[in-house]
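In what follows, residues are counted from 1 in the order of the sequence shown. In listed order, ligands and their atoms are each counted from 1.
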Amino acid sequence: MTSLRSKITGTGMYVPAGVVTNHDLAKRMDTSDEWIQQRSGIVERRHVDGTETPTDLAEHAARRAIEAAGVGADELDAIILATLSPEAEFPGTSFFLHHRLGVPEIPCFDLRAQCSGFLYSLACADGFIRSGTMRRILVVGAEVHSTGLEFSTRGRDTAVLFGDGAGAIVVEANGDGDDRSGLLAIRLHAQGEHARRLWIEAPGSGIHPTRITHELIDEGRHFPRMEGRMVFKHAVTRMPEVLRETLDAASVKLDDVDLFLFHQANLRINEFVAQSLGIPPEKCPSNIERYGNCSAASIPMLLDEAARSDRLRPGQLVAMTAFGSGFTWATAVARW
Ligand code: ACO
């Protein structure tokens with residue numbers, strides 16, 4: 001290993017124009033603005049208009065990140081794209097993005113770790129960079145949930161939570177000995193015994209020889225299923241755990257962190273985590289009220305908003321923590 005360190009040099013995000021409010025959803029199912037806001041903090045979310053695809057969202061976010069990094073797409077060494085709602089079941093989304101960006105024959109792949117997918121992808125990029133095999137990697141989180149939700153009372157528990165969006169970063173090798181900025185530590189975890197507690201069952205090779213049938217569709221088994229309370233319970237336990245573990249690995253004290261960027265699954269989860277650790281609310285920005293849960297895109301979207309405002313300034317410490325389906329959970333700590 002060399003002394004190379006990974007550094008985020010550019011960020012970008014994109015959401016489709018279509019705003020869908022809680023009141024809009026209440027016209028399509030038995031729910032209410034009050035129920036959704038009280039349980040999740042969400043006021044509205046964005047949905048694609050029927051023409052935009054995950055690749056479109058990813059391309060906008062990626063181009064903004066590349067521009068912010070001051071590099072050309074032809075200077076990238078790889079693309080890693082985290083998603084649970086790919087453009088196509090295979091090959092995913094990254095290959096379509098690869099073509100759209102017009103990059104040379106660099107490697108690209110989709111990474112599936114759901115809401116923790118962005119941090120898992122960042123860990124992969126960090127490994128490539130610190131091993132010295134690559135110098136500049138585009139990491140993207142992109143989701144189009146709205147085309148895969150059940151907008152009826154049967155599907156209301158998940159339909160109200162998710163939104164469409166994309167976030168991207170450029171990660172580069174920082175070999176400059178005087179520059180202390182960059183990724184300090186990253187830790188990843190999973191617990192596969194809970195895989196069925198938040199999942200989409202069909203189409204899948206594990207369920208039926210033809211992967212999808214009219215019966216499966218009638219039963220709604222191609223829509224997300226979630227044990228909400230179980231997810232909540234695990235999230236509020238695992239997020240503080242992995243945050244502390246990663247801060248220890250980075251030799252950083254909790255109080256010294258300037259900004260905590262939590263996955264935007266549910267405002268209540270994040271408030272619970274912040275309270276349990278004694279983190280003041282002003283250190284925990286959120287955008288879930290505007291965008292809902294954008295899964296793998298949520299942390300890079302929040303990071304982009306922080307980086308483009310004065311919330312995150314050079315030299316500050318930022319901790320990013322996610323929890324999601326799998327179950328998966330992760331934290332990355334970086335000096336900006
Ligand atoms: N509108 C109105 N009522 C609803 C809705 C809705 N959208 N969804 C469910 N309900 C009803 C249920 O049917 C249930 O009715 P019942 O008592 O007659 O059976 C009642 O509300 C309570 O349902 P619960 O699931 O017990 O509600 P809870 O208070 O636990 O809140 C929630 C649900 C918000 C999903 C909560 O469990 C939660 O936050 N879980 C965490 C999961 C999460 O955030 N997932 C996001 C994706 S996962 C991720 O990214 C980590």
Side-chain angles (χ1 to χ4, degrees), residues 20-45 82-85 112-120 141-146 148-165 167 188-191 194-200 220 223-243 261-275 286-289 291-302 320-331:
V20 177
T21 66
N22 294 343
H23 296 290
D24 294 330
L25 293 180
K27 291 176 194 150
R28 302 176 68 182
M29 62 190 78
D30 183 11
T31 190
S32 67
D33 177 53
E34 189 192 5
W35 193 97
I36 300 168
Q37 281 208 48
Q38 201 223 337
R39 298 298 212 291
S40 70
I42 298 167
V43 178
E44 60 187 40
R45 72 288 290 144
T83 189
L84 62 78
S85 54
R112 303 183 65 149
Q114 298 61 252
C115 300
S116 307
F118 172 74
L119 295 181
Y120 269 63
E143 306 285 5
V144 171
H145 285 305
S146 61
L149 297 170
E150 185 174 25
F151 293 104
S152 71
T153 297
R154 185 174 69 171
R156 65 183 176 174
D157 61 331
T158 52
V160 302
L161 297 178
F162 293 101
D164 302 338
L188 315 175
H189 292 283
Q191 195 176 14
H194 300 303
R196 290 183 177 81
R197 296 195 192 275
L198 176 51
W199 71 322
I200 295 181
F223 292 123
R225 298 262 183 100
M226 176 177 74
E227 293 179 32
R229 289 193 174 183
M230 182 62 92
V231 175
F232 196 104
K233 206 179 96 187
H234 281 259
V236 298
T237 309
R238 296 309 196 175
M239 290 173 71
E241 243 176 54
V242 70
L243 182 50
L261 302 180
F262 294 135
H263 167 51
Q264 301 290 291
N266 187 320
L267 190 62
R268 304 292 162 247
I269 291 177
N270 295 347
E271 286 174 345
F272 200 99
V273 170
Q275 266 170 25
S286 81
N287 60 17
I288 191 170
E289 56 282 358
Y291 302 132
N293 180 352
C294 296
S295 296
S298 102
I299 288 182
M301 285 167 59
L302 199 59
M320 299 170 267
T321 296
F323 181 90
S325 156
F327 291 152
T328 53
W329 60 102
T331 291

Take the angle between the ring planes of His189 and Trp329 and call it parallel below 30°, perpendicular above 60°, tilted in between.
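If you compare the ring of His189 with that of Trp329, the planes turn out parallel.
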
Can you pull out the closest protein heavy atom to atom 40 (N) of ligand 1? Residue, atom name and distance to 0.1 Å, please.
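Checked against all protein heavy atoms, atom 40 (N) of ligand 1 sits closest to Gly228 O, 2.8 Å.
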
Can you tell me the protein heavy atom closest to atom 31 (O) of ligand 1 and the distance?
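Its nearest protein heavy-atom neighbour is Arg39 NE, 3.7 Å.
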
Which ligand 1 atoms are under 4.0 Å away from a heavy-atom of [X]?
X      : value
Asp157 : 8 (N)
Gly324 : 51 (C)
Asp30  : 1 (N), 2 (C)
Ala265 : 44 (O), 49 (C), 50 (O), 51 (C)

Mark yes or no for whether [X], through its side chain, and [Y], through its backbone, hold a donor-acceptor pair below 3.5 Å.
X      : Y      : answer
Thr321 : Met239 : no
Asn293 : Leu161 : no
Asn22  : Ile42  : yes
Glu143 : Leu84  : yes
Thr328 : Ala113 : yes

Exercise: do Ser85 and His145 side chains pair donor with acceptor under 3.5 Å
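Note: Ser85 and His145 side chains miss the donor-acceptor criterion.
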
Nearest non-hydrogen contact with [atom] belongs to which option: [options]?
atom                    : options                        : answer
atom 39 (O) of ligand 1 : Thr158, Asn266, Leu267         : Asn266
atom 1 (N) of ligand 1  : Leu198, Leu84, Thr31           : Thr31
atom 2 (C) of ligand 1  : Trp329, Trp35, Phe162          : Trp35
atom 47 (C) of ligand 1 : Leu161, Thr328, Val160, Asn293 : Asn293

Is the count of non-hydrogen atoms from other residues, nucleotides or ligands lying under 6.0 Å from Phe232 atom CZ greater than 12?
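Yes.
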
For atom CZ of Arg196, decide whether the heavy atoms of other residues, nucleotides or ligands shown that lie under 6.0 angstrom number more than 12.
no

Could you tell me whether [atom] has at least one protein heavy atom nearer than 4.0 Å?
atom                    : result
atom 25 (O) of ligand 1 : no
atom 18 (O) of ligand 1 : no
atom 34 (C) of ligand 1 : yes
atom 51 (C) of ligand 1 : yes

Could you tell me whether some N/O pair between Arg156 and ligand 1 is separated by less than 3.5 angstrom?
yes

Decide whether the shortest distance between a heavy atom of [X] and an atom of ligand 1 is less than 4.0 Å.
X      : answer
Met226 : yes
Ile36  : no
Met29  : no
Ser40  : no

With a 4.0 Å heavy-atom cut-off (strictly under), which part of Cys115 contacts ligand 1: side chain, backbone, both or neither?
side chain

Quick one: does ligand 1 sit under 4.0 Å from the side chain of Arg268, the backbone, both or neither, non-hydrogen atoms only?
neither

Per ring-ring contact (aromatic ring centres under 6.0 Å, His included), His194 is matched among Phe327, Phe323, Trp199 by Phe327

What is the minimum heavy-atom distance between Arg268 and Gln38, and which atoms define it?
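Scanning both residues completely, I find the closest heavy atoms to be NE-O, 2.7 Å.
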
Hey, does Ser286 have a side-chain heavy atom less than 4.5 Å from the side chain of Gln264?
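When only atoms from C-beta onward are counted, Ser286 and Gln264 do touch, with a gap below 4.5 Å.
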
Distance from Asp157 atom CG to Ser40 atom OG, nearest 0.5 Å?
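Output value for this atom pair is 12.0 Å.
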
